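Single-structure report; data block below.
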Amino acid sequence: MSPRSASVNEELRRRSRERLLQAAVELVSEHGYDATTLGDIADRAGSARGLVSYYFPGKRQLVQSAVHRLMHRTLEEALEREPHTEDGRERMARAIDAILGLARDRPVLMRQHMAGILQAEGFMQCPEQRRLAELLREVCVRHGSADPDTDYPMLRALLMGAVYAALVPGVPMPVPVLRAELFKRYRLDREQGVPPDAEAVSGGTCDMDLSRFFATGSPPDCSEGRPDPSAQSK
């Protein structure tokens, strides 16, 4: 049997990592951060438990990467949905609605994410976070920013603040109110993006099937007969 090529091995590693990210999002959404263990995540992903530490230093880093992945892909999907548009104001409206929609539809996950950022480890850089940052920065550029290096951090801070305000236990602010304030700041029309009344008619945007956000489909051809190490038992 000939060994697998480097490209096949790389694809297997990528899919193994994606399965761990998806499992982390699902389990934290279902049970919360504290009740989710790295072993649980590995078992849900169908991976050897030792692989978690190969890809991530710990649970906090894994969960932050997983949420940033979900945020990036949710934002990407919102920006590219039909009818496709290059209009900067419409794209800003879609970006705001996408992030606020996660706070509304996945409160347990997003509350745990915000709490994690406030821990000693703080805000962690990772490939998923960098992709999210690039996309939000592009939204600022399309919106007409003359100084995206200043305007992007402000947009990020405003979105994080709005998510936090929507999720504070006991005194949450309504998402439509937060949306209206952000739309006012960026001079957007209420009808742009996904207006709250449109969400009510459609029954909301929450979809429990997260598979489209994570590249975890069938592995590449491994006809050499060697099993995927990420699927081996511990």
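Since we're looking at a predicted model, the values are computed, not measured. Residue numbers count from 1 along this sequence.
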Heavy-atom side-chain contact between [X] and [Y] under 4.5 Å:
{"X": "I117", "Y": "M160", "value": "yes"}
{"X": "R131", "Y": "E76", "value": "no"}
{"X": "M92", "Y": "R89", "value": "no"}
{"X": "R44", "Y": "Q22", "value": "no"}
{"X": "L38", "Y": "R49", "value": "no"}
{"X": "L135", "Y": "H72", "value": "yes"}
{"X": "S16", "Y": "R13", "value": "no"}
{"X": "V52", "Y": "S47", "value": "no"}

* Test salt bridge (charged side-chain N to carboxylate O under 4.0 Å, His left out) applied to R73 and E77, step by step -> CA-CA 6 Å; R73 292 300 306 275; E77 184 178 84; over 6 Å; no

Search all heavy atoms of [X] against all heavy atoms of [Y] and return the closest pair with its distance.
{"X": "P196", "Y": "R190", "result": "CD-NH2, 4.1 Å"}
{"X": "L109", "Y": "S29", "result": "CB-OG, 3.5 Å"}
{"X": "L178", "Y": "L100", "result": "C-CD1, 4.4 Å"}
{"X": "C140", "Y": "Y152", "result": "SG-CA, 3.7 Å"}
{"X": "A146", "Y": "D151", "result": "N-OD2, 4.3 Å"}
{"X": "A162", "Y": "L182", "result": "CB-CD1, 4.0 Å"}

Quick one: does any side-chain atom of [X] pair with a main-chain N or O of [Y] as donor and acceptor, under 3.5 Å?
{"X": "K59", "Y": "T36", "value": "yes"}
{"X": "H143", "Y": "Y186", "value": "yes"}
{"X": "S145", "Y": "V141", "value": "no"}
{"X": "R111", "Y": "L167", "value": "yes"}
{"X": "R94", "Y": "A78", "value": "yes"}
{"X": "Q192", "Y": "D189", "value": "yes"}
{"X": "D97", "Y": "V194", "value": "yes"}

* Asked: side chain to side chain contact (heavy atoms under 4.5 Å, CB included) between R106 and L70: does it pass, once the steps are laid out?
  -> CA-CA 11 Å; R106 305 189 187 277; L70 178 62; 3.9 Å; yes

With rounding to the nearest 0.5 Å, note down the distance linking [atom1] in [X] to [atom2] in [Y].
{"X": "R19", "Y": "Y55", "atom1": "CZ", "atom2": "OH", "value": "8.5 Å"}
{"X": "D40", "Y": "D43", "atom1": "CG", "atom2": "CG", "value": "6.5 Å"}
{"X": "Q61", "Y": "Q125", "atom1": "CD", "atom2": "CD", "value": "13.0 Å"}
{"X": "E181", "Y": "I96", "atom1": "CD", "atom2": "CD1", "value": "11.5 Å"}
{"X": "R69", "Y": "T74", "atom1": "CZ", "atom2": "OG1", "value": "10.5 Å"}
{"X": "L62", "Y": "L21", "atom1": "CG", "atom2": "CG", "value": "6.5 Å"}

Hydrophobic clustering (ILVMFWY, side-chain heavy atoms < 4.5 Å, transitive) - are [Y] and [X] grouped together?
{"X": "V171", "Y": "M110", "value": "yes"}
{"X": "M154", "Y": "L136", "value": "yes"}
{"X": "V108", "Y": "I99", "value": "no"}
{"X": "Y164", "Y": "V28", "value": "yes"}
{"X": "L159", "Y": "V177", "value": "no"}

* For M173, does the CE atom sit with more than 12 other heavy atoms under 6.0 Å from it, leaving out its own atoms? ->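 More than 12 within 6.0 Å, yes.
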
* With respect to H84, which candidate in E80, E82, R81 satisfies the side-chain hydrogen bond (donor to acceptor under 3.5 Å, both in side chains) definition? ->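 Among the candidates, only E80 passes.
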
* Take E134 and R137, measure what salt bridge (charged side-chain N to carboxylate O under 4.0 Å, His left out) needs, and give me the verdict at the end. => CA-CA 5 Å; E134 290 167 2; R137 190 180 187 280; over 6 Å; no

* Please step through salt bridge (charged side-chain N to carboxylate O under 4.0 Å, His left out) for the pair D87 and R142, ending with a clear verdict. => CA-CA 7 Å; D87 180 74; R142 296 284 186 90; over 6 Å; no

* To do: Cation-pi check, R179 to F183: give yes when NZ or CZ is under 6.0 Å from the six-membered ring centre and within 45° of the ring axis, no otherwise.
  =>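 The answer is yes; both the distance and angle limits are met.
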
* Asked: Regarding R60 and the six-membered ring of Y33, is the cationic atom NZ or CZ under 6.0 Å from the ring centre and inside 45° of its axis?
  ->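 Yes.
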
* Evaluation steps, side chain to side chain contact (heavy atoms under 4.5 Å, CB included), between V139 and L79 -> CA-CA 9 Å; V139 168; L79 294 174; 3.9 Å; yes

